[in-house]
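What follows is a set of notes on a single structure, which appears directly below.
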Amino acid sequence: MKDLYLALVERLKTQVSELVTIDLFNNQFQNMMENQVIFFPCVLIEFEQIDFKNRTENIQEADVRLKFHLAQNIIGLDTYEGSENITNALAIFDLKDKVNQALMTFTEANTSDFRRVRERLDAQYTNVYVMELSYECLYVDTTHWIGNDYNQEVNATLELDADLIIENDTIRTGNLPQD
């Protein structure tokens, strides 16, 4: 999962230049009252519960759901019609579209394409807008694949010999005899 997280950080960093902070989610918005510093706009990545299924040769698969907490500071910004700064106040919707565009085309070596499954505006905070974007993908964990223990190349060949003789016309040609 570490590789997936790092790939997501790199993807968002290169495709959504407006983001100032990209971090792992750890209830940072709840802790803002405790003087935890967050630089906005930001996206915090949360790995929700992941249930793995065993496959063959120690390979595991999981349907992974990730929640991206996209946040923008709104101190001094108003969203009412006619406000002088409504465009800045509603910029989170433009940012959400850019994040979605970056994620909907994202795939990593061990994942399927990301699928957006849900989004909602988290309205419990007074100084920030927080938009939660949920995505799903299939993740294949090959960390314990038994093939990882083999460092040798295997060349499997099928040798056909020209001396193969088939006497039966039906088998040799595939044509059924005509009566």
Between Ser134 (side chain only) and Val117 (backbone N and O only), is there a donor and an acceptor less than 3.5 Å apart? no

Look at the side chain of Gln60 and the backbone N and O of Phe52, then say whether any donor-acceptor pair between them is shorter than 3.5 Å.
no

side-chain contact (heavy atoms from CB on, under 4.5 Å) with Asp23: of Leu44, Ile45, Val43, only one passes, and it is Leu44

Open item on the list: His69 vs Glu46, test: side chain to side chain contact (heavy atoms under 4.5 Å, CB included). Steps then yes/no.
Closed with: CA-CA 8 Å; His69 302 262; Glu46 178 182 359; 2.7 Å; yes

CG (Leu133) and CG (Leu70) are apart, to the nearest 0.5 Å, by 6.0 Å

Tell me whether Lys53 is salt-bridged to Glu61, with the criterion being a basic N under 4.0 Å from an acidic carboxylate O. no

* Answer yes if Tyr139 and Leu24 sit in the same cluster of Ile, Leu, Val, Met, Phe, Trp and Tyr residues linked by side chain heavy atoms under 4.5 Å apart, and no otherwise. => yes

Here the salt bridge (Lys or Arg N to Asp or Glu O under 4.0 Å) pairs for residues 102-111, sequence neighbours left out, are none

Q) With hydrophobic residues grouped by side-chain heavy-atom distances under 4.5 Å, do Ile50 and Leu138 end up in a single group? A) no

Exactly one of Phe47, Tyr135, Phe106 clears ring pair (Phe, Tyr, Trp, His ring centres under 6.0 Å) with Phe68, and that residue is Tyr135

Shortest non-hydrogen pair, Asn73 vs Asn127, comes out as OD1-O, 3.2 Å

By salt bridge (Lys or Arg N to Asp or Glu O under 4.0 Å), Arg11 pairs with (sequence neighbours left out) none

